[in-house]
Protein chains: 2
Amino acid sequence: MVISARVHYACVAMLELAIRSDEGSPVAIREITDRHGVPGPFLVQILRSLRGLGWVQSVRGSQGGYRLSVDPATISLLDIAEAIGSQEVGCRTEGKRTPIAGILQAQWDDAADASRQVLGQATLSGLVERAQQGDASMFYI
Amino acid sequence: MVISARVHYACVAMLELAIRSDEGSPVAIREITDRHGVPGPFLVQILRSLRGLGWVQSVRGSQGGYRLSVDPATISLLDIAEAIGSQEVGCRTEGKRTPIAGILQAQWDDAADASRQVLGQATLSGLVERAQQGDASMFYI
DNA sequence: TTATACTTGACTAAAGAGATCATATTCATA
DNA sequence: TATGAATATGATCTCTTTAGTCAAGTATAA
C-alpha cells in the first residue's frame, strides 16, 4: 500500500477537521492550506472526494468551510486510504497460474494484510487524542 | 510496498533457478518465459539486474543460461523487492512539519514495517520447500 | 452590493511502469 | 572453422498515474 500525497493530505484534512469539530463554525480550506502547506486547488479536489463519501459537509458562502460529518471513532486511516484510492501491496500481474506464482501471491497477500491491519487500527479519534497529548512532539526534536 | 511486475518476475525467476539449482546445467531465459508467461526481453532486463547484484551467474553461448549463485536460504522476498526497486509503504511528501504530519508519518512507518517483516521472513529456500510439498495446489482449485 | 468561500470541469506536466527492438558478443558443436 | 543458440547492451517507446493548475460559476453573510 503506497500512501500517495493525495491520501496523506486527505488524512491531514480529516484530522484537522476532527480536532476542530467542537468549534461550531466550519473550517475554511485556506486555513488548512496555510497551516499544513497543502496546495490549495489540490486540497479542493480532495475535499470534494471526502464530501462525496459523506465524511465531510461543506458550507458555502462567506464564513463557509468544511465540517466533519461522521464520528471520528468510526473512520480509520485504512478507510481513508482505500476510499481516496491507494495501491494495494501486492501484484496485479496476471501471467500464468503456476505453483510459483501462487506461492508468491500468497506472500504478497500476507504482506498486504499486515499493513492493512496497522492502518485499520488507527482511528481518527485515537490519533486526535494522541495529538492533543503532545505525543507528536517527539518526532520533531 | 507495491509489488511491481518487475519485482514479481524477479522473484519468479529466482525461485525457478533455486528449484533447479541441482540440475547442473544453466537454465535458459526461454525456459522461464515459456513456463511462466513472462515477456522475454523484459525478463532479460531483470536478470541483468539480478546478475549485477551477484545473485545469479550467466553462461553465454550455446547451452548457456542462468544459474543461482547464492544460498537460497539467505535471500528473502524483501531483499529482492528492495534490490529490484519497489516503492515503500509510506509517503514522500514533505509539506510542513506539523504534529498532525508527524503522527501520520509514524503510522505510515508502522504499516511499512509490518509488511516488510512478512516479506523478510519469506526466504527462497522456505518457499522452494513449500512448492515441492505441493502446498501451492490449494491456490488453484 | 460586495467580499468571501465553495463548486465544477477541464487541463497539463512529470515520472514511472512495462515493455520492445536492433545489434553486438560468446561459445558448443558439427 | 562455420554456424546457430544463447546472452549482453543500449536506446527507445507507449501508457497510466500522480500531482497540481486554471478559469468561470454559485452561494451566503455582512
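Convention: sequence-line order gives letters A, B, ...; per-chain numbering from 1.
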Exercise. Once you round to the nearest 0.5 Å, how far does CZ of B:Arg130 lie from CD1 of A:Ile103?
Worked result: 6.5 Å
Exercise. Going by distance alone, is a donor N or O of one side chain under 3.5 Å from an acceptor N or O of the other, for B:Asp79 and B:Ser76?
Worked result: yes
Exercise. Considering residues at least two apart in sequence or located in another chain, which fulfil the side chain to side chain donor-acceptor pair (under 3.5 Å) criterion with A:Arg48?
Worked result: none
For this session: Would you indicate, yes or no, if C:dT7 has its OP1 or OP2 atom less than 4.0 angstrom from a side-chain nitrogen or oxygen of A:Ser58?
Result: yes
Problem set entry | Atom pair distance, as rounded to whole Å: CD1 in B:Ile3 and C1' in C:dG18 | 16 Å
For this session: Do nucleotides 25-30 of chain C as a string where each nucleotide becomes B, S or -: B if the base has a protein heavy atom under 4.0 Å, S if just the sugar-phosphate does, - if no protein is that close.
Result: BBBS--
Exercise. If we only count heavy atoms from C-beta on, is the B:Trp55 to B:Met14 side-chain gap below 4.5 Å?
Worked result: yes
Exercise. Which value, rounded to the nearest 0.5 Å, describes the distance between B:Ser58 atom OG and B:Tyr66 atom OH?
Worked result: 5.0 Å
Exercise. Any donor and acceptor pair, going by atom type alone, linking the side chain of B:Ser25 with main-chain N or O of B:Gln63 inside 3.5 Å?
Worked result: no
Problem set entry | Residues in salt bridge (Lys or Arg N to Asp or Glu O under 4.0 Å) contact with B:Asp110, at least two apart in sequence or another chain | none
Exercise. Does the side chain of B:Tyr9 get closer than 4.0 angstrom to OP1 or OP2 of C:dA19 through an N or O atom?
Worked result: yes
Exercise. Got a sec? Which of residues 39-50 of chain B come in under 4.0 Å of DNA chain C, heavy atoms?
Worked result: B:Pro39, B:Pro41, B:Phe42, B:Gln45
Exercise. Which residues, if any, of residues 14-34 of chain A bring a heavy atom under 4.0 Å of DNA chain D?
Worked result: none
For this session: Kindly determine whether B:Arg67 and B:Val27 satisfy side-chain contact (heavy atoms from CB on, under 4.5 Å), including the steps that lead there.
Result: CA-CA 6 Å; B:Arg67 184 182 280 148; B:Val27 179; over 6 Å; no
Exercise. According to the salt bridge (Lys or Arg N to Asp or Glu O under 4.0 Å) rule, which pairs have a member within residues 27-42 of chain B, sequence neighbours left out?
Worked result: B:Glu16-B:Arg35, B:Arg20-B:Glu31, B:Arg30-B:Asp34
Exercise. Side chains of A:Asp113 and A:Gln117: do they bring a donor and an acceptor to under 3.5 Å?
Worked result: no
Problem set entry | Heavy-atom side-chain contact between B:Leu104 and A:Leu77 under 4.5 Å | yes
For this session: Considering just the side-chain nitrogens and oxygens of B:Arg51, establish if one lies under 4.0 Å of OP1 or OP2 belonging to D:dT9.
Result: yes
For this session: Can you figure out which of C:dG18, D:dA19, C:dC6 approaches the side chain of A:Arg6 most closely?
Result: D:dA19
